[in-house]
Amino acid sequence: MAYKVSRPNLTFAEKIYLPSVLAGLRITLGHLWRMLRGKTHVVMQYPEEKWDSHLPEYYRGAPTLVRDEHGRTRCVSCQLCEFICPPRAIRIKPGEIPAGDKFGKVEKYPAEFDIDMLRCIYCGLCQEVCPEQAIFLQKQYALTGTARTQLMHNKEKLLEMGGIKTGLVNKWNEKK
Amino acid sequence: MNAILQFLHPLIDPASIPFLLWTTLAKSIGLLCIVLVMVSYTVYAERRVSSLIQDRLGPNRTGFPLSLFGNLFGIKWRDWSPILGGLGQPIADAVKLLLKEEFTPAFVKKFYFWIAPGLGIGAAIVSLAVIPFGSKIWGVDMVIANIDIGPLFVFAISSLGVYGIVLAGWSSNSKYPFLGAVRSTSQLISYELSLGLSVVPLFMIVGKLNLVDLVSYQVQNGWMILPGITAAKPHLPGTLGSYLIIVPILISFIVFTIAMFAETNRLPFDLPEGETELVGGYHTEYSSLKFALFFLGEYTAMITGSSFIVTLFLGAWHFPGIPEGGAPSLAGLLLGFVNIGVFFVKVIAFLLFFIAIRWTLPRFRYDQLMKLGWIYFFEIALVNIFLTALILAFVP
Amino acid sequence: MSNEAPQNLVNVQIDGVWHQFPKGTRVIEACSQAGKYVPRYCYHPRLSAPGNCRMCMVQLGMPKMGPDRKPELGPDGKPVHNWIPRTNISCAQDVSEGLAVRTDSDIVKETREGILEFLLINHPLDCPICDQAGECRLQEFSFDYGQAKSRFIEQKVKKPKRVEIGPRVTLDAERCILCTRCIRFMREVAKDDVIGIVNRGSYNEIAVYPDRKLDSNYSLNTVDLCPVGALTSSDFRFKMRTWFLKETKSICTSCATGCNTIIGARENVVYRQTPRENNDVNQSWMCDHGRLDFHYLQSADRLLEPVVKGAPEADWKAALASAARALKALKPEEIALIASGRLTNEELFLAARLLKKLGNPIHDIISHTGKADDLLVAADRNPNTAGAKLLGLSATEPGSALPVIASGIRGGRIKALIVLGEDATDAGLIEADLNKLQTLIVTSLLPNRTTGFASHILPAAGFTEKRGSMINKTGRLQRLNRAVAAPGIARDDWEILVGLIEALTESVSGFTTIEEVFKAMSAEVPALAGLSLSKIGDLGVQLSL
C-alpha cells in the first residue's frame with residue numbers, strides 16, 4: 001500500500017539552497033561570536049566552579065550518618081534502611097550500649113554500619129524510612145576512590161561525612 | 001642514474017642538480033611539518049569551534065606542559081590554562097592514539113587492511129607537491145614541483161585517495177565499512193567530474209596549465225574572484241569582457257568549492273562515514289595508529305583542498321600591499337616568509353569555513369547527493385565552459 | 001432444614017453467616033475458625049482466659065424469645081436476635097445455641113480503637129530498638145485500629161527498662177501491656193510461679209518475686225508469648241531484626257522429644273530457634289536448652305575440609321578413597337563402628353549399608369541420657385534412638401556393645417574404628433586406646449578428643465544445615481530441614497556415607513538426592529513403607545513401631 005506523501009512546493013531560493021546555507025551560517029556563527037565575546041554562559045568549569053552553592057535543599061547526595069548535639073550517633077540500628085535499600089547497599093551489625101554508658105538509655109547502637117557506595121543509587125529511601133532522623137542524604141556528590149574499598153563507607157566515614165545535625169526530635173532524652 | 005641524468009640533460013643543467021635536490025628536500029620537509037601541525041590543530045579547531053557554536057567550551061584543559069608533566073614538576077595546570085588551555089590537546093590526542101593497542105581484527109584481509117590508511121594520507125600529501133605555497137625565497141620557487149600539468153596532477157593524485165577508502169572498506173570484511181566504501185567510491189567519482197570541469201574556465205583565461213603561472217597571472221591581473229586586487233596599483237579593466245568573465249568564474253568557484261566538500265567527505269557530504277547510519281563508515285574496524293592515519297588523511301585532504309582553492313581563486317600567497325619576496329636580501333627573505341604566511345592564513349580561513357559549514361548543515365540524503373552531482377553540478381560546469389569560451393571569443 | 005444442630009454442636013451466626021461449633025468452643029476460637037480473626041493480647045488457647053486486655057471485643061446477640069419461650073424465627077427460618085447494646089469480650093465466652101456475633105460492626109471497631117488508644121498511652125516509642133518489632137501485636141493492631149496521632153499530652157509513666165529478670169530473659173516494663181500471659185504460663189504450664197504484677201493503677205508493672213529469678217528451663221516461652229516487646233530473649237537481643245529472618249520449619253535435636261521448631265536464619269547465620277505448634281509433640285512450647293542449642297554450629301572451630309593424617313591436603317575424593325583403602329585391607333572382625341543417635345534415619349540407613357559392605361563388623365550407638373522433666377525434656381538426649389534401633393545400628397540396649405568394642409580395641413583385635421558424629425571417649429575408650437588404632441575414621445562438626453587421634457577427619461553438617469528425618473521417643477517420624485549451608489566444603493553425613501560406600505565398592509550407589517535414600521529406606525524398612533520425605537509433612541507422622 002503506497003502512500004502519497006505531499007511534498008512542499010519550494011521557491012527558487014529554497015531550491016538552490018544557498019540562501020539557506022547562509023542563513024544557517026548566520027545562526028551558528030552568531031553563537032560562535034556570542035561565545036567569543038563571553039555573552040553566553042551555559043557550561044560550568046567543573047573543578048573551579050562547583051554546584052555546591054547552587055544545590056537545592058532537597059538535593060540527594062551521598063547518604064551519611066549524623067550525630068546529635070550531645071555527640072550521640074543518632075542511629076539505633078533498627079535496620080529499616082537496610083531493609084528498604086533497593087540495591088542492598090547498606091549493611092548493619094547492631095550492638096548494645098552498656099547500661100552504665102552516657103547514652104545507656106538508648107540501649108542500641110550500630111556496631112558496624114557499612115554503605116557500599118558502588119551500589120548506592122541515591123534514592124533517599126533510607127532517609128525517608130529512618131525513624132530516628134539518623135541518616136541523611138547530604139550534598140556530597142563527588143565520591144571517588146582509587147580502589148573499590150575506598151567507596152565502602154564504614155561507620156566512621158559516614159559519621160565524619162554527616163557531622164552534627166541539630167534541631168531534630170530528641171525523643172531519647174525523655175527516657176528514664 | 002646516469003641514464004636518467006642523460007635523459008634530463010636538455011631540461012636541467014647537471015650542475016644545478018645537487019642544489020635542486022636539497023632545496024626540494026628542504027621544501028618537502030618544511031611543507032610536511034607545517035601541514036602535519038596544521039592537521040592536528042585543525043582537529044583541535046574543529047572541536048573548539050564546534051563547541052563554541054554549540055555554546056560549549058570544548059577542550060580547554062590540556063595545556064603546555066601537559067597536565068601530567070605539570071604535576072610531575074609541581075606546576076599545577078591551573079597556572080597555565082588561561083594562557084595555553086587546550087593547546088596541548090592535539091599532542092595528548094596523538095600520544096593517546098600512538099599508545100593504543102595496535103589491533104587487527106581476525107577476519108580482515110590483512111595486507112589491504114594495512115596499506116589502506118597509507119594510501120589515504122599518501123594521496124592527500126603528494127598532491128600538495130604542485131601547490132605554490134609561497135612566492136620565492138632566495139630565488140627558489142616555493143613550490144615543490146613546478147610542473148606544467150599542475151591541476152591535472154592534483155586531480156589525478158587526489159582521486160587515488162579513493163583507493164584507501166575502497167580498500168579499507170573492502171578488506172575490513174564487515175558490512176558497515178563496506179557500505180561506507182561503496183558510497184564513498186560513487187560519491188568521489190561523481191564529484192571528480194564537476195570538480196575537474198569547473199576549473200577549466202580558469203585555465204582557459206590564463207591559457208596555461210601551470211599553477212605557478214596561474215598565480216602570477218592573479219598577481220598581475222587580480223585575484224580570480226576579486227579581479228580588482230592586483231600587485232600593480234589597483235585598476236579596473238575597462239573592457240566589457242573583463243566584467244562579464246567574473247560570472248563564469250563565480251560559478252566555477254561555487255561549484256568547485258561544493259565539489260571539494262564532497263571530495264573531502266565533509267559535511268554535508270559525509271555519507272561514507274555517516275556515524276548515525278554506518279557506525280563509523282569505512283574505518284569502523286580500524287583503531288589506534290591506523291585509524292589515526294585515516295583521520296590525518298581526511299584533514300590533510302581538507303588542507304590540500306583549501307590550498308587548491310586558495311591557489312586557484314584567492315590569489316595564493318598574494319595580498320595587496322605585500323610585495324613579492326625572493327630577492328637575495330634580508331628584506332626579500334623576510335617577504336618570502338611573509339608570503340608563505342599569507343598563503344597559510346588564507347588556507348586557515350578557508351578551513352574555518354569548512355568547519356563552520358560542518359556544524360551548520362545537515363547531511364544530504366544519498367539520492368540528493370547523486371542528483372546534485374550528476375544533474376546539476378556536472379551540467380553547470382559544462383555549460384560554464386561554453387559560457388567562458390563564448391565570452392573569451394566574442395566579447396572584447 | 002431443621003435448626004436442630006447435631007449432637008454436641010450448636011448453631012452460631014458469625015457476621016451474618018451460620019456455622020456449627022462443638023459446645024464449649026470459645027467465641028474467639030469460633031470466630032477464628034470461621035475466618036474472622038479477632039485481635040487479642042491476653043488470650044492464648046493453651047492458657048486460662050482472664051479477659052484483661054479487652055482487645056477481643058465483639059458484639060453478641062441472643063435469640064429473641066417469644067412469649068412461648070421459643071426463639072422467634074425470621075423469614076429465613078433462623079432465629080431473630082436481640083443484640084446486646086455494648087460489646088463483650090469473646091475470649092471468655094463459650095458459644096451457645098443461636099448465638100450471633102458481630103466482629104466488625106462500627107461499635108466493635110470503635111471499642112477496639114478506644115482500647116488500643118488506652119494501651120498505647122504509656123507505651124514508649126521504642127520500636128526502632130525493640131526486638132519485637134516486626135512480629136509485635138501492638139504494631140499489627142495499631143495498623144488496623146490505631147490512630148496516627150497521639151491525643152495524650154500528659155507525661156508518660158516511666159517504668160524500669162532493661163531489667164534482667166532471669167538469665168535468659170530481659171524485661172522492659174514500659175512496653176508491657178499487662179496481658180499476664182507470662183504470669184499464667186509460668187503458673188499453669190511451667191509450674192514455676194515467679195512473675196507477678198506489682199504497684200497500682202497506671203504504675204502497674206510486671207516483676208519477679210523478691211529474691212527470685214525467672215530461671216526456669218521454659219522461661220523463653222514467655223518471650224514467645226509476650227505479644228509486645230516487654231519480654232525479650234537476652235540471647236537474641238539486638239542480634240537481628242525479625243523481618244530479615246528466613247524461617248525454616250525443622251525440629252529440635254537436643255533430646256528424644258523432637259520439639260517442632262522454626263529456625264530463623266539470615267545469610268547463612270542462624271539467629272534463633274522458636275517453637276512451632278504441634279499438638280502431638282510440644283504444643284506451643286520448647287525448653288530453653290534446646291532452643292539455644294545451636295550456637296555451636298557457628299563456632300569458629302568448625303571443621304571445614306577433610307583431613308587425612310600424613311597427607312598435606314585432601315579433597316573429598318582423596319580422603320574417601322584413602323579411608324576405603326584402609327578399611328578394605330582389614331577383616332570384618334578387625335573393624336568396629338560407633339554410630340550416633342543424633343544421626344538422621346537416612347544417615348543411619350546408609351551406615352547400615354556401609355556395615356553390610358564391610359561384612360557386618362561390631363557396631364553400636366552411644367547413649368546420652370539426662371534428667372527428664374514432666375513437660376517436654378526427655379531422659380534420652382539422643383533425638384533418634386528409635387531410628388537407630390529401627391535401622392539396626394544400635395545394640396538391643398543402646399550402648400551395650402560399647403564395652404565389647406572398647407575391650408576389642410584395647411586388646412588389639414580391633415584395628416579400625418569408624419565414629420559417626422560422636423566422641424569415642426564417651427564410649428568408654430581412653431585416649432591411649434584411640435592411639436592404638438590403625439585407622440580411625442571420624443565424621444564430626446567440631447574438633448574433639450577423638451578427632452585428635454583420627455586418621456581421617458570428615459567434616460559433616462549440623463542439624464540446621466541438613467535435611468533428613470528422625471523418629472522421636474513416641475515413634476513419631478519428623479523432618480529436619482536445611483536453613484543454612486554447611487561451612488567450608490563440609491558435607492551432609494549422608495553424602496559422606498554414600499561417598500565412602502562408593503569408594504569401598506568402587507561402583508555407583510545411585511543415591512544423588514536424599515529423597516532417593518529415603519525411598520530406598522522405605523522400601524527396605526517395613527515401618528517406613530509407603531512414606532517419603534514429602535509425605536512426612538511439617539507435623540510428622542506417627543509410626544507404629
Side-chain angles (χ1 to χ4, degrees), chain A residues 65-66 68 72-114 116 119 125-136 155 168-176, chain C residues 122-136 139 142 148-150 152-165 170-176 199 202-203 205 229-230 232-246 264 266-269 271-272 298:
Chain A
L65 287 179
V66 299
D68 66 8
R72 181 180 72 83
T73 306
R74 289 191 65 94
C75 176
V76 298
S77 72
C78 72
Q79 295 180 295
L80 280 176
C81 49
E82 183 176 357
F83 182 69
I84 202 83
C85 183
R88 298 193 186 182
I90 302 179
R91 269 301 117 116
I92 301 170
K93 189 165 177 256
E96 184 166 3
I97 305 177
D101 192 90
K102 189 172 153 200
F103 304 119
K105 61 186 169 188
V106 186
E107 298 187 43
K108 203 176 174 189
Y109 82 110
E112 286 168 26
F113 196 118
D114 300 317
D116 183 349
R119 283 182 156 231
L125 285 179
C126 49
Q127 175 178 343
E128 193 171 329
V129 83
C130 183
E132 296 287 330
Q133 295 176 301
I135 190 164
F136 285 91
K155 192 174 89 171
L168 305 174
V169 176
N170 282 325
K171 68 178 190 188
W172 296 104
N173 292 356
E174 299 167 9
K175 292 276 169 188
K176 197 169 187 178
Chain C
N122 283 317
H123 196 80
L125 287 169
D126 267 1
C127 298
I129 64 159
C130 177
D131 276 332
Q132 191 79 8
E135 52 187 17
C136 175
Q139 282 183 340
S142 292
K149 235 175 143 82
S150 172
F152 188 69
I153 51 168
E154 291 81 3
Q155 278 285 310
K156 288 195 176 195
V157 175
K158 308 287 181 204
K159 293 179 188 173
K161 296 175 81 73
R162 188 151 50 170
V163 187
E164 287 177 10
I165 58 169
T170 306
L171 166 70
D172 189 311
E174 276 187 356
R175 296 178 196 158
C176 180
N199 296 339
S202 61
Y203 295 94
E205 64 181 71
T232 50
S233 160
S234 305
D235 178 66
F236 180 63
R237 184 173 160 88
F238 298 164
K239 289 290 188 305
M240 189 46 63
R241 305 317 302 265
T242 55
W243 54 78
F244 285 121
L245 298 179
K246 188 187 78 180
R266 184 190 183 202
E267 290 173 358
N268 257 352
V269 180
Y271 287 95
R272 68 171 181 185
Q298 274 134 19

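All values below come from the heavy atoms of this structure, side chains included, with hydrogens, waters and symmetry mates left out.
For C/Tyr203, the OH atom is loosely surrounded, since the number of other residues' heavy atoms within 6.0 Å does not exceed 12. No more than 12 heavy atoms of other residues, nucleotides or ligands sit less than 6.0 Å from atom CD of C/Gln155. Heavy-atom neighbours of A/Lys93 NZ from other residues, nucleotides or ligands within 6.0 Å: at or below the threshold of 12.
If you measure heavy-atom distances from C/Phe238 to chain A, the contacts under 4.5 Å come from both the backbone and the side chain. Of the atoms belonging to A/Glu107, heavy atoms from both backbone and side chain fall under 4.5 Å from chain C. If you measure heavy-atom distances from C/Glu267 to chain A, the contacts under 4.5 Å come from the side chain alone.
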Passes salt bridge (charged side-chain N to carboxylate O under 4.0 Å, His left out), C/Arg266 versus A/Glu82? Steps please.
-> CA-CA 13 Å; C/Arg266 184 190 183 202; A/Glu82 183 176 357; 2.7 Å; yes
Dump the intermediate steps for salt bridge (charged side-chain N to carboxylate O under 4.0 Å, His left out) on C/Lys239 and A/Glu96, then the final yes or no.
-> CA-CA 9 Å; C/Lys239 289 290 188 305; A/Glu96 184 166 3; over 6 Å; no
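Proximity of a side-chain donor or acceptor of C/Arg241 to a complementary backbone N or O of A/Leu80 within less than 3.5 Å is not detected.
Considering only heavy atoms from C-beta on, C/Pro128 comes within 4.5 Å of A/Lys171 through its side chain. Between A/Trp172 and C/Asp126, some side-chain heavy-atom pair lies under the 4.5 Å cut-off.
From C/Asp131, atom CG reaches atom NZ of A/Lys108 across 5.5 Å, with rounding to the nearest 0.5 Å. Atom CZ of residue C/Arg162 and atom CD1 of residue A/Ile97 lie 7.5 Å apart, to the nearest 0.5 angstrom.
Heavy atoms only, all atoms of each residue included: C/Ile129 and A/Val106 are closest at CD1-O, 3.4 Å.
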